Amino acid sequence: MTATSEENGKQKPYDLGAHERALFEAWKDAGYFQRGEGFGPDAGRSYTIVIPPPNVTGVLHMGHALNDTIQDACIRHARMRGFRTRWILGTDHAGIATQTKVDKHLAAQGISRREIGREAFIAACQEWRLEYGTTIVNQIAAMGCSCDYADEQFTMSPEFSAAVRKLFCDWYHDGIIYRGKRIVNWCPSCTTAIADDEAEYEDEKGHLWHLRYPLTEPVEGMEYLVVATTRPETMLGDTGVAVNPSDERYKALVGKTVKLPLVDREIPIIADFYVDASFGTGAVKVTPAHDPNDFAMGERAGLPKINVFDESAHVVDGYGKFSGMSREEARETVVAAFEELGLLDHVDDHDHSVMHCYRCHTTLEPWLSEQWFVAVDSLKGPAAEAVRSGEITFHPARWGQVYLDWLENLKDWCISRQLWWGHRIPMYYCDECGWQDASVDEVEICPNCEAQVRQDEDVLDTWFSSQLWPFATQGWGAFGNEAPDLQRYYPTQVLSTARDIMGLWVARMVMASEYCTGRIPFRDVIIHPTVMGADGKPMSKSRGNGVDPLRLMEDFGADGMRFGLLMQVTGAQAMRFDEQKIEGARNFANKIRNAARFVMMHLDGYEAGAPEPRTVADRWIFSRLSHLVAQVDRCFENYEFGEMTRALYGFFWNEFCDWYIEFSKSRLGDDADPADRAACQRNLLFVLESALKLLHPIMPFITEEIYQELPEKGAPMIIVAPWPDAAELSRFEDEAAERTIEMVCSVVGAIRSARSRYGLSPRTLLCACVKTADAADGETLQAHRSFIVHLGNLEKLEVGTALEKPAESVVALGPGLEVYTVLAGHVDFSEERARMEKEEAKLAADAAKLEKKLSNEGFLAKADPAIIEKDRAKLAELTDKLQRMRAQLAEIG
RNA sequence: GGUCGCGUGGCGCAGCGGGAGCGCAGGUGCCUUACAAGCACAAGGUCGGGGGUUCAAAUCCCUCCGCGACCACCA
């Protein structure tokens with residue numbers, strides 16, 4: 001929907017890797033992409049998403065890649081939760097974008113649009129659409145997006161056209177659509193009106209010309225009035241000069257007239273509060289036909305509106321030598337003429353912003369013309385209320401205010417475009433009797449006098465049809481609110497989009513939906529951050545900082561790109577694209593594959609059964625899994641995708657792989673207890689399968705691929721496998737187990753650290769002993785000695801409360817325990833001493849800081865007792881550790 | 001002009017009132033039979049400047065500086 005112009009080159013469709021393509025086809029063939037029936041307790045609830053329809057001639061860019069990943073994650077999550085899901089896919093005809101492209105294409109063959117005429121041109125557009133329209137849909141498929149490909153929509157399909165005509169007629173008959181002669185932003189190159197939102201401002205260096213306008217009759221000795229303007233050429237259409245009514249300098253002049261030079265027109269001097277007395281000379285030339293503010297002043301003062309430019313911005317007939325000149329020529333000539341007449345007072349440099357066409361970048365001309373408008377006053381109230389009442393929620397929430405501000409400042413919307421590619425305005429006119437009406441059906445004969453009628457030549461703004469997207473895609477045009485799909489799948493749940501079309505599209509959908517269906521179009525609006533280039537600037541061709549998502553998929557896989565993109569999502573308004581993150585995600589996918597391989601290759605003698613925590617390691621990983629599920633659920637609820645990916649990554653890599661799989665190794669060997677091995681196998685599978693499910697919305701391909709290899713599975717494919725139940729898993733939460741594993745890990749870490757400090761190979765077998773202050777801790781460690789022996793690569797491990805420090809050993813202090821690693825012959829005691837002194841100093845400093853805090857009366861009086869208690873415990877631990885460290889130091893002398 | 005976002009170790013970011021974290025890059029040691037797209041260990045920051053609120057501030061408020069977006073627009 002946001003414009004991407006890939007110049008007429010045909011984009012090579014992304015070639016899915018063999019695995020990805022096969023999985024995609026399997027999902028599609030099984031019908032999982034189509035309107036789902038749902039399952040489980042939520043089967044009655046619908047979850048619909050409409051894709052922001054990309055331009056039919058567009059190609060996938062990073063914005064789409066991010067946005068479509070977000071939507072696919074949401075819809076896959078909902079599908080696994082058992083909702084009736086539907087992700088509506090389709091493309092936008094993109095009036096001006098497509099027309100420009102086809103125009104260029106024809107021009108390259110020496111064909112002009114005007115020569116071949118409207119019908120032939122539209123046929124050319126259709127041809128173009130058929131040729132290129134599948135490109136972006138295939139690219140979306142390559143990403144693995146689970147859209148309803150079997151029911152692809154198009155904003156100019158017959159069904160959609162019927163909806164567009166219906167709304168136009170309804171609004172016309174309700175008096176919401178009206179025709180008027182107004183100033184519009186006119187593109188002289190595209191020769192069409194452009195909506196305010198479609199105009200782009202660019203700062204330009206310009207001049208402020210000070211022109212003398214001779215008074216018709218001198219007033220109080222004044223012969224002339226000096227006006228300041230940035231656009232001298234428009235003076236040909238001046239019909240007045242305005243000053244501020246409270247401006248003392250000009251009070252005597254109000255009501256008098258000046259003789260407009262060059263055209264010799266006598267025009268009045270009027271007073272209007274719009275004029276800023278402090279700017280320029282305080283006197284403004286008024287050109288109602290070529291400036292929106294002048295138009296307004298002209299209306300107030302009843303000035304005539306004289307159009308001096310034609311549709312291509314050349315001076316119209318009747319202006320002598322100026323006629324036929326372009327804007328630029330006319331400017332030079334007018335200024336020269338003033339200079340010649342001695343009426344050019346002076347010229348200042350002046351920077352100002354100038355409107356340009358968002359399509360072709362031609363400078364826009366404010367131009368008076370007959371156009372169709374939508375009166376927004378009656379529409380904006382309900383649209384604002386929907387957000388104010390919380391019926392529609394923005395994520396992040398602050399965008400709600402931006403939305404409301406946009407509505408607040410909304411002015412009537414110019415919907416007519418002087419293009420050919422688009423929905424032709426369904427207005428019919430009888431030139432014989434003057435009959436005119438809007439009609440849903442085609443009209444050929446005047447119902448009044450039976451003469452031939454003609455249809456309006458203009459087409460509608462593309463956004464006019466886009467605003468119907470959530471419901472016109474569901475049968476509203478043909479069946480109104482009774483449409484079966486509408487009843488089942490409306491309102492939609494989530495709309496995810498970029499912020500630049502918040503007003504243009506989001507707000508208009510709300511207004512249209514409230515009017516047409518009486519309901520909101522969606523409940524949650526996700527405004528995702530803008531993907532910036534590596535330099536922090538918006539991606540653009542001219543900057544050359546763009547990244548092609550197709551290339552990313554080739555290099556890192558669709559899963560890698562998806563996960564890597566979501567990892568970078570923050571609540572901020574922009575994200576700086578970092579390809580290293582995509583690479584990291586690819587590595588993560590590889591890690592998942594390898595972990596799965598490990599689990600699968602240790603299934604000898606596997607027997608199916610329920611997961612059952614048997615060891616503390618089991619209890620620990622189950623507890624961690626339970627927390628993870630709850631966290632991922634929370635992230636989905638709040639649409640926090642960055643946090644979600646970080647949580648999944650951390651769990652899978654740093655907990656499941658780094659520790660749980662390592663713990664498992666000693667339980668899976670030939671000499672292991674068969675009952676424990678069986679439990680371990682089941683538990684590994686259980687955690688793996690759960691993690692795969694949690695990862696599936698983001699990494700659909702690899703998770704499905706592995707799921708298919710699992711020895712048993714609860715669903716034919718993971719895409720419809722039931723989502724892990726946080727409430728059910730919460731019974732596994734086990735703080736004691738988490739603490740125990742923390743202790744075990746810290747002992748292993750102490751041994752590894754000692755080994756590494758002295759440059760010993762991890763293969764060197766060592767002896768260690770752990771002295772605990774608490775007998776229970778000793779027993780716990782004893783119970784897990786195989787883990788410690790295994791991960792610490794020990795040949796001997798002693799645990800006890802009354803152990804002596806072994807000779808030739810180094811020490812590490814933990815809470816209530818001392819880990820001695822024997823490094824016979826390797827220890828450098830001076831180095832060891834230095835290290836321990838450094839640690840002692842740190843402990844002393846930390847303890848002192850805490851002591852100071854705990855002796856602060858204000859703190860004791862006002863702080864949360866739980867905090868105080870925590871700090872006291874912390875201090876006790878630090879003090880204890882400090883004493884033991886000092887004892888250790890004394891011992892080594 | 002208005003509104004909003006961002007300034008945290010070399011880089012990209014998380015944390016948003018009570019112990020400064022993650023990823024990448026860089027360092028050291030390892031091809032430990034799931035994974036070198038890997039493993040282990042270690043190093044690295046007075047959280048943009050200043051002021052305020054608080055027992056307590058990276059976290060809240062004000063202000064300044066720097067970067068950026070959006071909306072409006074001055075003839």
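Just so it is clear: chains get the letters A, B, ... in the order the sequence lines come, proteins before strands, and each one is counted from 1. When reading the values below, keep in mind they use all heavy atoms of this one structure, side chains included, and skip hydrogens, waters and symmetry mates. All values derive from a computational prediction rather than experimental measurement.
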OP1, OP2 of B:G12 versus side-chain N and O of A:R576: anything below 4.0 Å? yes
I want to verify a distance call: between B:A37, B:C70, B:A75, whose nearest atom is closest to the A:R499 side chain? B:C70
Hey, does A:M601 reach any base, or is it just sugar-phosphate, or nothing, if we go heavy atoms under 4.0 Å? sugar-phosphate
Pairs satisfying salt bridge (charged side-chain N to carboxylate O under 4.0 Å, His left out), at least one member in residues 639-656 of chain A, at least two apart: A:R624-A:E655
Quick one: list whatever passes salt bridge (charged side-chain N to carboxylate O under 4.0 Å, His left out) with A:E662, sequence neighbours left out. A:K665
Does A:Q580 reach a base, just sugar-phosphate, or nothing at all? Heavy atoms under 4.0 Å. sugar-phosphate
For a quick check of understanding: with a heavy-atom distance under 4.0 Å over all strands, which category does A:V275 fall into, base, sugar-phosphate or nothing? base
A:T570 has its side chain closest, among B:G12, B:A14, B:C35, to B:A14
Look at all strands and tell whether A:A595 reaches a base, only sugar-phosphate, or nothing, counting heavy atoms closer than 4.0 Å. base
In whole angstrom, give me the gap between the P atoms of B:A37 and B:C31. 16 Å
Proximal nucleotide (of B:G68, B:A37, B:A34) relative to the A:N594 side chain: B:A34
Which nucleotide, B:A69, B:A75, B:A34, lies nearest any side-chain atom of A:F279? B:A75
With hydrogens left out and only the distance checked, is there a donor-acceptor pair under 3.5 Å joining A:R646's side chain and the base of B:A14? no
Sequence neighbours left out, what passes side chain to side chain donor-acceptor pair (under 3.5 Å) with A:K305? Give chain and number order. A:E299
Using only side-chain N and O atoms of A:S753, determine if any of them is under 4.0 Å from OP1 or OP2 of B:A42. yes
Please work out if A:N856 contacts a base, only the sugar-phosphate, or nothing of the nucleic acid, heavy-atom cut-off 4.0 Å. sugar-phosphate
Mind running a 4.0 Å heavy-atom check of residues 653-669 of chain A against RNA chain B and sending the residues that fall below it, in number order? A:W653, A:C657, A:D658, A:I661, A:E662, A:K665
Keeping to residues at least two apart or across chains, list the ring pair (Phe, Tyr, Trp, His ring centres under 6.0 Å) pairs with something in residues 556-575 of chain A. A:F563-A:F588
Against the side chain of A:D578, the closest entry in B:A37, B:G12, B:A34 is B:G12
Could you note down all residue pairs passing salt bridge (charged side-chain N to carboxylate O under 4.0 Å, His left out) where residues 562-574 of chain A supplies at least one of them, sequence neighbours left out? A:D72-A:R562
If I pick the P atom on B:U8 and the same atom on B:G48, what distance separates them, to the nearest angstrom? 6 Å
Counting side-chain heavy atoms from C-beta on, which of B:A75, B:C6, B:G68 comes nearest to A:K537? B:G68
Selected nucleotide, minimal atom distance to A:L208 side chain, candidates B:U3, B:A69, B:A75: B:A75
Tell me, please, which residues at least two apart from A:H790 pass ring pair (Phe, Tyr, Trp, His ring centres under 6.0 Å). none
So which pairs with a foot in residues 232-242 of chain A pass salt bridge (charged side-chain N to carboxylate O under 4.0 Å, His left out), sequence neighbours left out? A:R231-A:E233, A:E233-A:R331, A:D238-A:K285
Under 3.5 Å between N/O atoms: give me all the protein pairs with nucleotides 16-19 of chain B, atom names plus distance.
unit_1 : atom_1 : unit_2 : atom_2 : d
B:G18  : O2'    : A:K853 : NZ     : 3.3
B:G18  : O6     : A:D864 : N      : 3.4
B:G19  : N2     : A:K874 : NZ     : 2.7

Taking both distances under 3.5 Å as the test for a Watson-Crick or G-U pair, what stems of at least three pairs does RNA chain B have? B:1-7 with B:65-71, B:10-13 with B:21-24, B:27-30 with B:38-41, B:48-52 with B:60-64
Can you sort out the partners of A:F787 under ring pair (Phe, Tyr, Trp, His ring centres under 6.0 Å), two or more places apart, ordered by chain and number? A:F663, A:H784
Under the salt bridge (charged side-chain N to carboxylate O under 4.0 Å, His left out) test, which residues partner A:K842, sequence neighbours left out? A:D846
Using 30° and 60° as the class limits, which term best fits the ring planes of A:F598 and A:H602: parallel, tilted or perpendicular? tilted
Among B:A75, B:C73, B:G5, which nucleotide has an atom closest to any side-chain atom of A:D276? B:A75
Under 4.0 angstrom between A:N293 side-chain N/O and B:C73 OP1 or OP2: no
Counting only side-chain nitrogens and oxygens, does A:R763 get under 4.0 Å of the OP1 or OP2 atom of B:C31? yes
